[in-house]
Amino acid sequence: QVQLVESGGGLVQAGDSLRLSCTASGRAFNMAWFRQAPGKEREFVAATGWVGGTTYSDSVKGRFTISRDNAKTTLHLQMNSLKPEDTAVYHCAARRSASLVPMIQSNDYDYWGQGTQVTVSS
């Protein structure tokens, strides 16, 4: 069993930056970030492949950067040039098996964190 704990959310103004972190206890393979805004479906944000490689949703490409520490226990999401439409609860997700390529569907992931709120004011 893997437990995921997110941190780093908060209230910021448009144009500001935030860095989210997700710490995994237990062996987690591929990891990703998803987000869910009020009244909307959960949506993919960014993911890493097990041997490297990253992929991003079009809405965050060029503004967000996903990374993972060498020990593969902590996942980060650097969010720059934040917009009000980035407001959501951000969830970390992890797989129990390795995929060479980043996975972008929520049902590709086995473990989920509780989420951290990001609010961007205009």
Side-chain angles (χ1 to χ4, degrees):
Q1 190 73 14
V2 174
Q3 291 188 327
L4 304 173
V5 179
E6 301 97 336
S7 61
L11 171 62
V12 297
Q13 293 187 330
D16 286 350
S17 298
L18 274 177
R19 188 174 191 241
L20 305 184
S21 297
C22 171
T23 301
S25 63
R27 186 162 178 80
F29 290 89
N30 301 57
M31 296 182 75
W33 289 98
F34 289 77
R35 67 186 182 187
Q36 188 165 19
K40 293 189 176 182
E41 297 285 324
R42 182 179 294 177
E43 67 169 347
F44 168 75
V45 176
T48 64
W50 180 238
V51 292
T54 58
T55 192
Y56 299 89
S57 69
D58 288 342
S59 61
V60 307
K61 196 175 297 180
R63 299 188 298 122
F64 290 10
T65 303
I66 190 171
S67 62
R68 195 166 178 180
D69 70 337
N70 289 338
K72 296 188 183 294
T73 58
T74 304
L75 184 73
H76 301 287
L77 185 68
Q78 178 66 42
M79 305 186 296
N80 298 329
S81 302
L82 282 161
K83 304 175 181 180
E85 51 263 44
D86 294 319
T87 295
V89 176
Y90 283 71
H91 295 272
C92 174
R95 285 175 54 87
R96 66 165 67 98
S97 60
S99 169
L100 295 180
V101 299
M103 310 295 283
I104 67 171
Q105 301 296 327
S106 59
N107 59 11
D108 291 324
Y109 293 87
D110 305 295
Y111 306 108
W112 292 85
Q114 291 296 310
T116 184
Q117 176 71 46
V118 172
T119 304
V120 185
S121 64
S122 58

| message | What verdict does the side-chain contact (heavy atoms from CB on, under 4.5 Å) test give for Val60 and Arg35, after you've listed the backbone C-alpha separation in whole Å, the side-chain angles of each residue and the deciding distance to 0.1 Å? | response | CA-CA 12 Å; Val60 307; Arg35 67 186 182 187; 3.9 Å; yes
| task | Applying side-chain contact (heavy atoms from CB on, under 4.5 Å), run through Cys22 and Trp33 and close with a yes or a no. | result | CA-CA 9 Å; Cys22 171; Trp33 289 98; 3.7 Å; yes
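Residues Trp50 and Ala28 approach most closely at CZ3-O, 3.6 Å, considering heavy atoms. Between Thr74 and Ser21, the shortest heavy-atom contact is CG2-CB, 4.4 Å. Listed here is the closest heavy atom pair of Gly49 and Pro102: N-CG, 3.5 Å. For Gln78 against Ser17, the heavy-atom pair with the smallest separation is NE2-CB, 3.9 Å. Across Arg63 and Asp86, no two heavy atoms sit closer than the pair NH1-OD2, 2.8 Å. For the residue pair Met31 and Ile66, the shortest heavy atom distance occurs at O-CD1, 4.4 Å.
Tyr56 has its side chain out of reach of Ile104: every pair of non-hydrogen atoms, C-beta onward, lies at least 4.5 Å apart. The shortest distance between side-chain heavy atoms of Lys83 and Val120 does not fall below 4.5 Å. At least one side-chain heavy atom of Thr87 sits less than 4.5 Å from a side-chain heavy atom of Gln117.
Looking only at distances, no side-chain donor or acceptor of Gln36 sits under 3.5 Å from a matching main-chain atom of Ala88.
A distance of 10.5 Å separates CZ of Phe44 from CE of Met103, quoted to the nearest 0.5 Å. The CG atom of Asn30 sits 6.0 Å away from atom OG1 of Thr48, with the distance rounded to the nearest 0.5 Å. Distance check: Ser25 OG to Gln3 CD gives 4.5 Å after rounding to the nearest 0.5 Å. Here CZ of Phe64 is found 8.0 Å from CG of Leu20. Values are rounded to the nearest 0.5 Å. The OG1 atom of Thr116 sits 11.0 Å away from the CG atom of Leu77 when rounded to the nearest 0.5 Å. One distance of note links CE of Met79 with CZ of Arg19; it measures 11.5 Å at 0.5 Å rounding.
Taking a 6.0 Å sphere around CD of Glu85, one finds it holds more than 12 heavy atoms contributed by other residues, nucleotides or ligands.
Grouping the Ile, Leu, Val, Met, Phe, Trp and Tyr side chains by contacts below 4.5 angstrom, directly or via other members, places Val2 with Tyr90. Linking ILVMFWY side-chain heavy atoms closer than 4.5 Å, directly or via other members, places Leu18 and Val45 in a single hydrophobic cluster. Val101 and Phe29 fall into different hydrophobic clusters, where Ile, Leu, Val, Met, Phe, Trp and Tyr residues are linked whenever their side-chain heavy atoms come under 4.5 Å apart, directly or through other members.
Cation-pi check for Arg42 over Trp112 is met; the charged atom lies under 6.0 angstrom from the ring centroid and within 45 degrees of its normal.
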